[in-house]
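The figures here come from the full heavy-atom set of this structure, side chains too, leaving out hydrogens, waters and symmetry mates.
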Amino acid sequence: NDQRGEHVAIQEIGHPSSHSMRATSSESNGRSPLTTGSPVLESIVKEAEEKVTPAYNALIAQAAQGEVCHNDDTPMRILDLMGKKGRHKALAEGDEPVGRAVFTSGIVSVAPEREITLYFTGPRHAGENLRSVLERRAADLAAPVQMCDALSRNLPGELATIVANCIAHGRRRFVDV
């Protein structure tokens, strides 16, 4: 909604084929987790998740069309995803975990008419998650500007972006000298 500047955020925990999702909007004040501890509520959540998944996929597709993408990640502890068994549960069949840690990656996609924030929590770094978003980008669009710090794990692999590294991180090294 343009008048209120509504901001939409969605979080994926694990891999889309075996994940729990949480979607929040500024209108819900961040209160709409789609995961619970109750078996009865879990069945209700599962049904709701099936209805939310098309919107979730549409948000990712819209985010892929942004002109500027900001991305970064931070370590995260989720008991269900910790340890070798948990990491494999969060991956798609045939995928191999890159490392032992679990991360939450934030990707903010900025376009003139909207800003979309996506959160991914699992064994993948921000660059890998950005790659999975940008794979849905329209082929006729120019490469997006990517704002991130200079860690190699923030880059989306072979997908082209115009990298604009964080000035604060680069400045730190010169100021210290």
Tell me whether [X] shares a hydrophobic cluster with [Y], the cluster being built from Ile, Leu, Val, Met, Phe, Trp, Tyr side chains joined at under 4.5 Å.
X    : Y    : result
L151 : F103 : no
F120 : I116 : yes
I60  : L130 : yes

Check: Is L141 isolated, or which residues cluster with it under the ILVMFWY side-chain rule of less than 4.5 Å, directly or via members?
Finding: none

Note to self: Which residues end up grouped with L155 if you chain together Ile, Leu, Val, Met, Phe, Trp and Tyr wherever their side-chain heavy atoms are less than 4.5 Å apart?
What the structure shows: V163

Next item on the list: First locate atom CD of Q146, then atom CD1 of I162, and finally report the distance between them rounded to the nearest 0.5 Å.
Entry: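 Going from the CD atom of Q146 to the CD1 atom of I162 covers 10.5 Å.
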
Next item on the list: Kindly compute the distance separating CD (E158) from CD (E135), expressed to the nearest 0.5 Å.
Entry: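 Between atom CD of E158 and atom CD of E135 there are 7.0 Å.
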
Non-neighbouring partners of [X] that pass side chain to side chain donor-acceptor pair (under 3.5 Å), sequence neighbours left out:
X    : result
Q65  : none
S105 : N129
S132 : none

Check whether any side-chain heavy atom of [X] sits under 4.5 Å from a side-chain heavy atom of [Y], and report yes or no.
X    : Y    : result
V133 : S109 : no
C148 : N165 : yes
R136 : N57  : yes

Write down the atom of [X], the atom of [Y], and the distance for their closest heavy-atom approach.
X    : Y    : value
A64  : L134 : O-CD2, 4.0 Å
N71  : G127 : ND2-N, 3.9 Å
G66  : A111 : CA-CB, 4.3 Å
R124 : E128 : CA-OE1, 3.3 Å

Please, which pairs that meet salt bridge (charged side-chain N to carboxylate O under 4.0 Å, His left out) have at least one residue in [range], sequence neighbours excluded?
range            : result
residues 51-64   : E47-K51
residues 144-155 : D73-R153
residues 58-71   : none

Margin query: Holding to side chain to side chain contact (heavy atoms under 4.5 Å, CB included), I want the full list of residues that pass it with A61, two or more places apart in sequence or in another chain.
Written below: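 A61 satisfies side chain to side chain contact (heavy atoms under 4.5 Å, CB included) with no residue once adjacent residues are dropped.
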
Margin query: A160: which residues meet the side chain to side chain contact (heavy atoms under 4.5 Å, CB included) condition with it, sequence neighbours left out?
Written below: A143

